[in-house]
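For reference, the structure discussed in these notes is given below.
Quick caveat, the model's predicted, so the values are computed rather than measured. Proteins get letters first, then strands, A, B, ... in listed order; numbering begins at 1 in each.
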There are 2 protein chains.
Amino acid sequence: MTRENWTIIRDEISRDIRSGRLSAGDQLPTELQLADRFEIGRHSVRRALEALAREGKISIEQGRGTFVADTPRLTYQIGKRTRLRRNLIPQGVDVTSQLVSAVRVAAPDEIAQALLLNSGAQVLESQRITLANDVPVAFGSAYHCAERFPDFAERRDVLGSTTDTYRSFGIEDYVRLHTSIYSRSAKPDEAKTLKQHVDVPVLVVTAIDATPDGTPISTSRVIWSAARVTFTMEQSDG
Amino acid sequence: MTRENWTIIRDEISRDIRSGRLSAGDQLPTELQLADRFEIGRHSVRRALEALAREGKISIEQGRGTFVADTPRLTYQIGKRTRLRRNLIPQGVDVTSQLVSAVRVAAPDEIAQALLLNSGAQVLESQRITLANDVPVAFGSAYHCAERFPDFAERRDVLGSTTDTYRSFGIEDYVRLHTSIYSRSAKPDEAKTLKQHVDVPVLVVTAIDATPDGTPISTSRVIWSAARVTFTMEQSDG
DNA sequence: GTTCATTTGTGCGTATGTATA
DNA sequence: TTATACATACGCACAAATGAA
């Protein structure tokens, strides 16, 4: 079995990126130019680019061109005390998080169960998007009991940190109770929100936070770009 | 934007699988038959099948045909006390794990660091593959200090369980110290080992286990089929 | 605001290679 | 050996998004 055409160009571009011959943000030649240069069909070029996009090494943008990705992989540490900002900022990453929407809804079953609420109880769904160096890395929703935290989203927006917001509700400390992670392919709208190619998979992270005595205070479901994050867990306190 | 051709057939097959009209193990029509039936080109059919394979819903086998996947997604719980067998067997899954090879090697830097050994110390690398209901779900290597656990792999093979093997070395209990997870696309040989399509991504899980006092006893690097597993973590003891 | 060239996205037809039974 | 079915590959046409004239 001789090497397939498309893997040759994939590996060459990949090597050029690693070696620094192509650097973050650089525009690649167009598909036709690459096809010309490597003397292969455009299909093979597209296949190579698709593979690189899936690995998060390049970013393909219709109508504009193809660029070397400029988003290094983050390490996100999940531990007993998981804190977004304390986690990412030490990596020299500028982390911001924006409130997209906040609505009161009747809790879906799995949300009610996670928060130990009666089925159909009112919860506050806060949808947020997280950016690292202005690049989206994750988005999703957190759910809080609407009775206990009626204006959680507003306070969170003003205070700028989840830890401070809980404190304003009289909760001095909180811990991660449960986390689950699985990988799947991205839906078109998810890819759009994360400003990434549809072919890049996502990691779906579901979590439950609680007060130190074990009372659940929030549950969340967050979609992460699989190419932009590595999760680590310290089982001995975090 | 009207729906793309290939998403139509992808969604129809996906629906047929969910509804039970196609059941696990069933063979799908050939690509040409599907192209005929949906009145689209074979390229579009292949694209749809590729997407389904990537999600783990079907299994494409060159020369044989395309089949509905018969491997449900496992839930693998990572906790302070992570135990493969205790984890998977309660799900009604028949878990077996086979020793592929066991060799003494000079520890690569990251292995030596994880085990707190001197750079270049001898370690035992045990390569294993894990099957659930006879389908491969993961494979990888565990590393033990060769001085302390000279015949770990042999004992593990005879005793059939890691917990019992440690016990035979006088270690009554061990805990998970650290775990990291990231997603990437599969390499051709990894896909082959996992008997899955190259397009299905893998999850790379690196872990360190230790005695309860925090002394590292093993580190491992395991490649999981992203389509066949969900990881969950209980931060309060596991 | 519109038009136009550029660039990526979708789609079809066809030929040939490779793995399996 | 032969037939079947998936894999790779090329060429071509047109659609859709972007950005500049």
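- Under the 30°/60° scheme for interplanar angles, the aromatic rings of B:His144 and B:Phe152 are found to lie parallel.
- No donor-acceptor contact under 3.5 angstrom links the side chains of A:Gln98 and A:Thr96, judged on distance only.
- Taking only distance into account, the side chain of A:Arg42 meets the base of C:dG9 through a donor-acceptor pair shorter than 3.5 Å.
- If you check distances only, the side chain of B:Glu31 never reaches the base of D:dA5 with a donor-acceptor pair under 3.5 Å.
- Atoms CG (B:Leu34) and P (C:dC12) sit 13 Å apart, rounded to a whole Å.
- Ion pairing of A:Arg54 with A:Glu50 is present here, as a side-chain N (NZ or NE/NH1/NH2) and a carboxylate O approach within less than 4.0 Å.
- The CD atom of B:Glu61 sits 8 Å away from the P atom of C:dA21 (whole-angstrom rounding).
- On a pure distance criterion of 3.5 Å, no polar donor-acceptor pair joins the side chain of A:Glu4 and the base of D:dT8.
- What separates NZ of A:Lys192 from P of D:dT18 is a distance of 8 Å, to the nearest Å.
- The residue B:Gly63 sits close to a base: some heavy atom pair falls under 4.0 Å.
- Following rounding to the nearest Å, A:Leu49 (CG) and C:dT10 (P) show an atom-to-atom distance of 14 Å.
- Comparing atom distances between the A:Thr66 side chain and each of D:dC10, C:dT20, C:dT8 picks out C:dT8 as nearest.
- For the side chain to side chain donor-acceptor pair (under 3.5 Å) with B:Ser141, the lone residue among B:Glu125, B:Arg128, B:Gln127 that qualifies is B:Glu125.
- Comparing atom distances between the B:Ser44 side chain and each of D:dT8, C:dG11, C:dT8 picks out C:dG11 as nearest.
- A salt bridge links A:Arg184 to A:Glu190: one of the charged nitrogens lies within less than 4.0 Å of a carboxylate oxygen.
- When the C1' atom of D:dA16 is taken as reference, atom CG of B:Asn5 falls 15 Å away, rounded to whole Å.
- The nearest whole Å value for the distance from the CG atom in B:Asp36 to the P atom in D:dA5 is 13 Å.
- Residue A:Glu50 contributes atom CD, which lies 15 Å from atom C1' of D:dA7 at whole-angstrom precision.
- When distances are taken from the side chain of B:Arg64 to each of D:dT8, C:dA21, C:dT10, the shortest belongs to C:dA21.
- For B:Trp6, the listed nucleotide lying nearest its side chain is C:dG11; candidates were C:dG11, D:dA9, C:dG9.
- Summarising the geometry, the separation between CD1 on B:Ile40 and P on C:dT10 is reported as 13 Å, rounded to the nearest angstrom.
- Here the side chain of B:His197 is nearest to one of D:dA7, D:dT8, C:dA21, namely D:dA7.
- Between B:Leu32 and B:His43, the one whose closest nucleotide on DNA chain D sits nearer the 5' end is B:Leu32.
- Listed candidates were C:dT10, D:dC6, C:dG11. Nearest to the side chain of A:Arg46 is C:dT10.
- Relative to the side chain of B:Thr30, the nucleotides C:dT10, D:dA5, D:dT8 differ in distance, and D:dA5 lies closest.
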